[in-house]
Every structure is written in C-alpha cells, then in structure tokens.
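Below is one structure, written out as structure tokens; the observations come after it.
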Number of protein chains: 2
Amino acid sequence: MTAAEQVTSPHAAEVLRELRAYRAAEEAMRRRTRDSMKMGENDLAALRFLLRAQGQGRVVTPGMLSDHLGMKSASVTVMLDRLTKSGHLTRGAHPTDRRSIAVSATPGSDDEVRATLGEMHRRMMGVASHLDQRGAEIVRRFLLDLATAADEVATA
Amino acid sequence: MTAAEQVTSPHAAEVLRELRAYRAAEEAMRRRTRDSMKMGENDLAALRFLLRAQGQGRVVTPGMLSDHLGMKSASVTVMLDRLTKSGHLTRGAHPTDRRSIAVSATPGSDDEVRATLGEMHRRMMGVASHLDQRGAEIVRRFLLDLATAADEVATA
DNA sequence: CCGCGAACCTAGTCGTTCTAGTTACAAGTG
DNA sequence: CACTTGTAACTAGAACGACTAGGTTCGCGG
C-alpha cells in the first residue's frame with residue numbers, strides 16, 4: 001500500500017494472490033470432506049496420520065497422536081472414544097508395552113478416507129507431474145523458501 | 001503405492017512433499033499467532049478481513065463476516081461481543097441502512113495484527129519477488145491447477 | 001521388591017458454534 | 001399512506017470439543 005512496498009515486482013503479488021486462492025480452495029475441500037464424514041478437524045487428521053502409519057507397518061499409540069496433533073492426552077482419549085463409537089477405529093493391545101495401546105483404523109474407515117483424500121492426492125500428483133524438471137525445481141525452491149519464512153516469523 | 005501410480009515422475013513427489021511441509025509451517029505460524037493473541041481461528045480471520053476492508057475504505061457489516069467466514073449470524077454476534085469486550089473492535093452506526101451495523105477495528109488491534117501478519121506478508125512478498133518472470137508464471141500456473149483440482153474433488 | 005515415572009483413562013469445566021425464535025428496519029404494492 | 005414481505009442483527013439454550021486435575025495400570029532401575 002505504501003510507497004515502500006512498491007519495490008516488489010508486480011508478478012510477485014500475482015503469485016501470492018494465487019497462493020491465497022489455492023489455500024482457500026484446499027481448505028474448502030477439506031471442509032467438505034469433514035462435513036460429509038461428520039467429523040471435526042482433528043478427527044480427520046488423526047485418521048490420515050493413522051492410515052499413513054499403518055501403510056508403513058508402524059504401530060500408533062494415543063501418545064503419538066497427542067504429539068502429532070498437539071492435543072492433551074485426555075483429549076485424545078475422548079477423540080478415540082468418539083472414533084471408536086463411530087466405527088472408524090479400534091483399540092488393541094500394544095505388541096511390546098503393556099501400558100500402552102495400539103490404535104488401528106477399520107477397513108471401512110480406510111476406504112472412506114482413501115475415496116476422498118486419495119482422489120485429491122492423485123489429482124495433486126497429476127498437477128505436479130506436469131512440471132518439467134526445471135519447473136519442479138523452481139516450485140520446490142519457492143515452497144521451501146515460504147516454509148522457511150513461516151518458520152522464522154514470531155519465533156525470533 | 002500401486003504399479004499404476006509409478007508413471008508419475010519422481011520429482012512430482014518431491015514437490016508435493018515440499019508443499020505439505022509449507023502448509024504445515026504456515027499452519028504452525030498461524031497457530032502461534034492465534035495463541036499469542038489468545039484468539040480463535042475465526043476471530044483472527046475476521047480481524048484480517050476487517051483490516052483489509054478498512055484499508056480500502058469499505059464498510060464491514062456482521063452479515064459480510066458471516067458470509068466470508070461461513071458462520072451463522074448468531075455466531076457472528078457472539079464473536080463480535082467477544083472481540084468488543086477484548087477491545088479489538090467497535091460497533092457503530094451503518095451510514096445508510098439503519099437495520100445494519102458498521103464494524104470497525106480499534107487502532108490497537110490494527111497494530112497488533114499488522115505486527116505479526118504484516119511481517120509474514122512482507123516475507124512472502126520477498127520470496128515471491130525472487131522469482132523471475134518465467135518462474136512466476138510456472139508457480140502461478142501450478143497453484144492455479146492445484147486450486148482447480150481441489151475445487152473439483154468431491155464436488156462432481 | 002519397591003518406588004518413580006510413563007501411558008492412558010475419568011470427571012468436571014470452559015469456550016465456541018449451532019438451531020430456533022424475536023425485534024427493528026427497508027422495500028415494494030395497492 | 002397502510003400493508004405485506006424480506007432482511008439484518010440479536011437472544012436463549014443446547015451440543016460439541018478441548019483443557020485441567022486426579023486416578024489406575026504397568027515398566028524399569030535401585
């Protein structure tokens with residue numbers, strides 16, 4: 001707005017506008033998914049985390065979900081109750097630590113999430129595949145710089 | 001994972017990984033800001049919307065916030081109560097429609113938000129400015145395609 | 001074998017949003 | 001001008017989700 005900001009190149013503003021538009025679109029998509037599954041934000045994030053870990057054969061405990069989602073362990077317990085009652089996951093015995101618990105997604109939940117987020121992932125992969133090697137490098141660098149910028153804000 | 005997805009170029013996966021990293025970083029940044037201001041997500045979004053509109057001399061009504069944030073008007077009322085009590089905004093008379101209300105941010109609120117999100121915006125602008133014309137076009141196209149993909153998922 | 005810490009759960013509270021219903025005003029019609 | 005319909009915001013009350021505090025069970029080191 002001020003004269004000092006006029007030094008920025010005109011196409012930079014275009015890029016940021018497009019970035020905002022993408023973020024809005026993705027958020028709206030995520031919201032539609034949550035609404036159609038009648039879930040909260042954390043519930044869906046937990047399922048995604050769970051499915052990804054399961055795909056790699058890793059065991060997931062409530063504590064890991066607590067760390068990953070930034071929730072207190074008590075809140076995780078209630079969330080697991082909720083998702084268990086809705087049939088999205090089950091609690092089982094932990095293979096090595098009898099204090100702990102192994103959380104696993106039900107097959108139905110797996111299908112449900114893959115049907116929506118998997119579709120999204122495929123499309124995104126399609127978009128990214130249209131980049132040639134140089135384009136990919138440019139985009140990658142751009143995203144990396146943005147992430148660095150975000151990390152540095154309000155941290156110093 | 002399956003053989004069918006092996007057709008995607010290897011650098012595409014890299015790009016998507018970077019994209020996820022950026023989204024996580026931005027979300028974390030936003031969360032830090034919200035926590036430091038002790039506000040909810042919508043509260044902060046409302047303030048940003050308000051400040052941007054105010055910068056353009058536009059009048060903001062509760063109804064506009066309701067539309068923009070996807071909240072019910074009743075929820076907006078409560079949110080305005082909250083933000084008024086915390087000293088971030090004031091309610092005033094609407095210039096033309098006496099049914100309506102003009103919401104405006106307090107100077108203190110303006111400073112507070114600019115100090116954090118303005119900093120973020122400057123940094124993002126800096127990153128985007130490092131792109132040359134061709135790079136900007138590539139990134140812009142990429143983001144536009146992603147937004148289109150998100151829009152089309154679960155809509156058909 | 002005993003105490004300490006870790007992992008999870010239970011109970012109670014608070015904050016945020018929603019639905020339903022109300023009041024005040026605007027706009028169009030005879 | 002009187003009347004009807006629609007719009008803007010608010011009030012009341014319930015639902016939902018996350019947090020704090022306080023158990024319970026179990027692994028581990030002395």
Side-chain angles (χ1 to χ4, degrees), chain A residues 27-28 30-50 53 58-86 88-104, chain B residues 27-28 30-47 49-50 53 58-104:
Chain A
E27 210 168 302
R30 234 170 254 279
R31 186 188 187 124
R32 286 195 300 273
T33 303
R34 282 186 296 140
D35 287 354
S36 83
M37 289 198 192
K38 297 188 175 171
M39 275 189 200
E41 202 160 349
N42 284 337
D43 296 48
L44 185 56
L47 271 187
R48 281 193 297 146
F49 179 75
L50 186 50
R58 287 184 293 132
V59 174
V60 173
T61 66
M64 292 167 64
L65 287 172
S66 172
D67 288 344
H68 182 68
L69 299 173
M71 297 166 66
K72 297 299 177 191
S73 80
S75 309
V76 172
T77 297
V78 179
M79 181 180 73
L80 295 183
D81 288 347
R82 201 162 52 231
L83 291 174
T84 299
K85 185 150 62 175
S86 67
H88 286 102
L89 57 82
T90 58
R91 288 188 247 221
H94 192 283
T96 60
D97 190 337
R98 274 197 300 165
R99 287 172 306 178
S100 193
I101 274 188
V103 182
S104 47
Chain B
E27 210 168 303
R30 235 171 254 278
R31 188 192 184 118
R32 285 195 301 272
T33 303
R34 282 187 296 137
D35 287 355
S36 82
M37 290 199 192
K38 298 190 173 170
M39 274 190 203
E41 200 159 353
N42 284 336
D43 296 48
L44 187 55
L47 272 188
F49 179 77
L50 186 51
R58 287 185 293 134
V59 173
V60 173
T61 67
M64 291 167 65
L65 287 172
S66 172
D67 289 345
H68 181 67
L69 299 175
M71 297 167 67
K72 296 301 177 191
S73 82
S75 310
V76 172
T77 297
V78 180
M79 181 180 73
L80 295 184
D81 288 348
R82 202 162 51 231
L83 291 175
T84 299
K85 185 151 60 175
S86 66
H88 287 102
L89 56 82
T90 58
R91 288 189 249 222
H94 192 283
T96 61
D97 190 337
R98 274 197 301 163
R99 286 172 307 180
S100 192
I101 273 187
V103 183
S104 46

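Just so it is clear: chains get the letters A, B, ... in the order the sequence lines come, proteins before strands, and each one is counted from 1. It should be emphasised that the depicted structure is a prediction, and the values quoted were computed from it without experimental measurement.
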Atom pairs and distances, donor-acceptor, side-chain atoms in residues 71-80 of chain B, under 3.5 Å, two or more places apart:
{"residue": "T77(B)", "atom": "OG1", "partner": "S73(B)", "partner atom": "O", "Å": "3.2"}

Let me check something: any side-chain donor-acceptor pairs from residues 36-46 of chain A under 3.5 Å, sequence neighbours excluded? List them with distances.
{"residue": "S36(A)", "atom": "OG", "partner": "T33(A)", "partner atom": "O", "Å": "3.0"}
{"residue": "D43(A)", "atom": "OD1", "partner": "R82(A)", "partner atom": "NH2", "Å": "3.0"}
{"residue": "D43(A)", "atom": "OD2", "partner": "R82(A)", "partner atom": "NE", "Å": "3.0"}
{"residue": "D43(A)", "atom": "OD2", "partner": "R82(A)", "partner atom": "NH2", "Å": "3.4"}

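The shortest heavy-atom contact between A93(A) and A102(A) is O-CB, 3.6 Å.
The stretch residues 69-84 of chain B touches DNA chain D through S73(B), A74(B), T77(B), each having a heavy atom under 4.0 angstrom from the strand.
Shown here are the side-chain hydrogen bond (donor to acceptor under 3.5 Å, both in side chains) partners of D81(A), two or more places apart in sequence or in another chain: R91(A). Applying the side-chain hydrogen bond (donor to acceptor under 3.5 Å, both in side chains) test to S104(B) and every residue at least two apart in sequence or in another chain returns T90(B). With sequence neighbours excluded, no residue satisfies ring-ring contact (aromatic ring centres under 6.0 Å, His included) with H94(B). Considering only residues two or more places apart in sequence or on other chains, R34(A) meets the salt bridge (charged side-chain N to carboxylate O under 4.0 Å, His left out) condition with none of them. Applying the side-chain hydrogen bond (donor to acceptor under 3.5 Å, both in side chains) criterion to R99(B), with sequence neighbours excluded, gives D97(B). Residues passing the side-chain hydrogen bond (donor to acceptor under 3.5 Å, both in side chains) test with S86(A) are H88(A), sequence neighbours excluded.
Note: CG (L65(B)) to P (dA8(D)) measures 13 Å, nearest angstrom. In this structure, the CE atom of M64(B) is 17 Å from the P atom of dT7(D), given to the nearest Å. Note: CG (D97(B)) to P (dA8(D)) measures 8 Å, nearest angstrom. We find that CZ of R34(A) is positioned 16 Å from P of dC16(D), with the value rounded to whole Å.
Considering only heavy atoms from C-beta on, L65(A) comes within 4.5 Å of V60(A) through its side chain.
Residue G63(A) is classed as a sugar-phosphate contact, given heavy-atom separations below 4.0 Å to backbone atoms only.
Residues D43(A) and R98(A) each lie close to DNA chain D; by heavy-atom proximity, the contact nearer the 5' end of the strand is made by D43(A). Position along DNA chain D of the nearest nucleotide to E41(A) versus T61(B) favours T61(B) as the more 5'-ward residue.
Nucleotides of DNA chain C lying under 4.0 Å from heavy atoms of chain B occupy a range whose first and last members, 5' to 3', are dT16(C) to dA26(C).
The ring pair (Phe, Tyr, Trp, His ring centres under 6.0 Å) pairs that include a residue from residues 60-87 of chain B are F49(B)-H68(B), where partners are two or more places apart or lie in different chains.
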Distances under 3.5 Å between protein N/O atoms and the N/O atoms of nucleotides 4-6 of chain D, please, pair by pair.
{"residue": "dG6(D)", "atom": "N2", "partner": "R99(B)", "partner atom": "NH1", "Å": "3.1"}

